[in-house]
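Working notes, structure below.
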Amino acid sequence: MKPLPGRKPDLRALPPEALAAVVAGLGEKPFRARQLFRWLHHRGAATLEEMTDLPAPLRAALAASHELWTLERASEQRSRDGTVKWTWRTVDGRLVESVYMPHVGDDEDEPHNRDRRTLCVSTQVGCAVGCAFCMTGTMGLARNLGAGEIADQIHRANRRLVELGLGRPPRPLTNLVFMGMGEPLHNYEELKAALGLLLHGDGAGFSHRHVTVSTSGFVPEIARLGAETRVKLAVSLNASHDAQRDRLMPLNRKWPIAELMAACRAFPVKQGRRITFEYVLLAGVNDADEDARRVAALVAGLPAKVNLIAYNDNPGLGFRAPSPERVKAFRAVLEARRVTAVIRRNRGDDIAAACGQLAVVEGVAPARRTGEP
Ligand code: SAH
Ligand code: SF4
């Protein structure tokens, strides 16, 4: 993470060893580093002042060299389906979003767990990939989020959920999906550092089983993710052949479908798990039966699950959602070929919190979708 102009480094971005080195450098005992880590990542402290059992001189010394890039809540929207979308303001005035969804998640490990509470997390301000159907893609990339800012979305959400009386205090969130703004694998180092913080035993308490990273197809980083972490993989496929995917997702010209699928086949999928393939259905573009047949052929032999997402309307992008019948017919073609396919419900669509609708420009949320009951 490049330093932000005029700011001290973010204490929350430091892995435990680096925090230990800072604390040791200040002549403090090692247990103080653990105490500090727990304040930052277990209790989700927003400020150094909150850390009342740390000696004041230590806090002052820390503040001389570092600060906390704690996110400020700029807005909150609650959907009638229980989804909550937050817009956060970073220390340098950027806006990013996270979306809370009760009782969802890709958890084939725990199909009977009805008390999942999932946060959809952002990894970048905007996105450089520029997929034709995605609102975030229209923004371009403003900057990467740092590991501390990625992790802080979880801490701010947990604290706010407790305030709202949702979920079990002090940390209601059980699952994370890296499917918010940005391309996680385009910000690989900070993503990996954030996962290290969030999955640390002294931290926020997430299990790798409950964490999914979604990518549009950064092939080399898929291999790294598989080698260096144990989290689950989701891939935004969204097309059934290269000419179609080139048009919809420009990065396909660099990493075409065959390379993407080879990376998926090489990915170390843990026992009982599957790779999720997301497929946004665009009427008349990629929603024909023959597309479904090609998708089935692409994932054949993989432990795969296909998530079908009817296009969420982003006015001005020139796409339409298929009819519910078409979506069902597409799924039926996949199922006839023994491919597990689920139709994803549009969560939070009344507050523009659904997939591909996250975009904030100077505090203005994208237009609310209309025409839906
Ligand atoms: N950049 C990563 C993580 C973001 S996930 C990725 O693309 O995988 C965002 C998900 O929403 C992706 O699966 C994407 O295909 C989907 N999406 C984007 N725009 C959408 C839209 N308008 N309607 C429905 N889904 C959309
Ligand atoms: Fe970026 Fe993902 Fe949107 Fe594509 S779908 S523009 S990769 S956020």
Side-chain angles (χ1 to χ4, degrees), residues 96-99 101 104 106 118-142 144-145 150 176-188 191 211-219 221-222 225 231-240 244-255 260 263-264 275-283 285-287 295 305-322 327 342-349 352-360 366-369 372:
V96 288
E97 297 178 332
S98 318
V99 179
M101 298 164 290
V104 288
D106 266 341
T118 303
L119 193 72
C120 179
V121 179
S122 293
T123 52
Q124 298 181 309
V125 185
C127 183
V129 179
C131 300
F133 45 80
C134 174
M135 206 62 199
T136 308
T138 65
M139 301 171 63
L141 177 64
N144 282 329
L145 292 177
I150 296 172
L176 301 177
V177 293
F178 287 82
M179 299 185 181
M181 296 169 73
E183 165 50 50
L185 299 190
H186 192 210
N187 186 16
Y188 184 83
L191 170 79
V211 176
T212 302
V213 171
S214 177
T215 181
S216 55
F218 277 63
V219 164
E221 285 76 17
I222 290 176
L225 189 76
V231 299
K232 297 200 282 190
L233 177 67
V235 172
S236 299
L237 183 59
N238 296 338
S240 68
Q244 195 182 54
R245 199 165 191 268
D246 285 350
R247 279 199 303 277
L248 296 174
M249 304 178 73
L251 95 165
N252 194 67
R253 293 174 209 145
K254 185 160 182 194
W255 291 297
L260 175 60
C264 292
I275 298 178
T276 301
F277 289 91
E278 325 206 57
Y279 196 96
V280 182
L281 287 159
L282 307 162
V285 175
N286 65 358
D287 66 340
V295 169
K305 175 171 85 176
V306 178
N307 260 355
L308 299 173
I309 318 166
Y311 172 64
N312 293 310
D313 191 28
N314 291 314
L317 298 189
F319 296 103
R320 279 181 306 114
V327 176
V342 291
I343 298 174
R344 202 142 91 188
R345 242 173 78 211
N346 279 333
R347 314 258 332 181
D349 54 356
C355 296
Q357 292 189 315
L358 301 186
V360 276
R368 290 165 65 126
R369 64 181 308 190
E372 287 287 301

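We count ligands from 1, going down the list as the structure has it; atoms in each ligand are counted the same way. Small disclaimer: the values here were computed from a predicted structure and weren't measured.
- Distances between N or O atoms of Gly180 and those of ligand 1 include no value under 3.5 Å.
- Remark: the Glu278 side chain and the Ser214 side chain contain an N/O donor-acceptor pair separated by less than 3.5 Å.
- Less than 4.0 angstrom separates some heavy atom of Ile309 from each of these atoms of ligand 1: 24 (C), 25 (N).
- Counting atoms of ligand 1 from 1 in the listed order, those under 4.0 Å from a heavy atom of Asn238 are 15 (O).
- To the nearest 0.5 angstrom, Ile150 atom CD1 is 5.0 Å from Asn187 atom CG.
- Side-chain contact between Phe178 and Thr215: absent, with no pair of heavy atoms (C-beta onward) separated by less than 4.5 Å.
- For atom 1 (Fe) of ligand 2, the count of nearby protein N, O or S atoms, meaning those under 2.8 Å away, is 1.
- With a 4.0 Å heavy-atom cut-off, ligand 1 is reached by the side chain of Asn314 but not by its N, CA, C or O.
- Where the criterion is an N or O separation shorter than 3.5 Å, residue side chain and backbone included, Asn312 meets it with respect to ligand 1.
- In the vicinity of Ser216, heavy-atom distances shorter than 4.0 Å reach the ligand 1 atoms 6 (C), 7 (O), 8 (O).
- None of Leu281, Ile309, Asp287 except one satisfies the side chain to side chain contact (heavy atoms under 4.5 Å, CB included) rule with Val327; the exception is Leu281.
- Annotation: Met179 places no N or O atom under 3.5 Å from an N or O atom of ligand 1; distance criterion only.
- Taking 4.5 Å as the limit, every side-chain heavy atom of Val99 sits out of range of all side-chain heavy atoms of Arg347.
- Here the side chain of Gln124 pairs a donor or acceptor atom with the backbone of Glu183 at under 3.5 angstrom.
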Stepwise side-chain contact (heavy atoms from CB on, under 4.5 Å) check, Thr212 with Met179: CA-CA 8 Å; Thr212 302; Met179 299 185 181; 4.1 Å; yes
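- Looking only at heavy atoms of the protein, atom 19 (N) of ligand 1 is closest to Gly356 CA, 3.0 Å.
- Closest to atom 11 (O) of ligand 1 among all protein heavy atoms lies Cys355 CB, 3.4 Å.
- Heavy-atom proximity to Gly182, at under 4.0 Å, picks out these atoms of ligand 1: 1 (N), 2 (C), 3 (C), 4 (C).
- Of all the heavy atoms of Thr215, the ones lying under 4.0 Å from any atom of ligand 1 belong exclusively to the backbone.
- Side-chain atoms of Ser122 come within 3.5 Å of backbone N or O of Glu97 as a donor-acceptor pair.
- Using a 4.5 Å heavy-atom threshold, the side chains of Val306 and Leu308 count as touching.
- Looking at Val295, Asn238, Val235 one by one, the single match for side chain to side chain contact (heavy atoms under 4.5 Å, CB included) with Phe277 turns out to be Val235.
- At the top of the distance list for atom 13 (O) of ligand 1, counting protein heavy atoms only, stands Ser236 OG, 2.7 Å.
- The protein atom (non-hydrogen) at minimum distance from atom 2 (C) of ligand 1 is Glu183 OE1, 3.4 Å.
- Side chain of Asn286 to backbone of Ala239: no donor-acceptor contact under 3.5 angstrom is found.
- Taking a distance limit of 4.0 Å, we find that atom 6 (S) of ligand 2 is approached by some protein heavy atom.
- Contact annotation: the side chain of Leu260 never approaches that of Trp255 to less than 4.5 Å [non-hydrogen atoms, C-beta and beyond].
- Protein heavy atom nearest atom 16 (C) of ligand 1, with residue, atom name and distance: Val280 CG2, 3.8 Å.
- Of all the heavy atoms in Phe319 and Asp313, the pair that sits closest is O-OD1, 3.9 Å.
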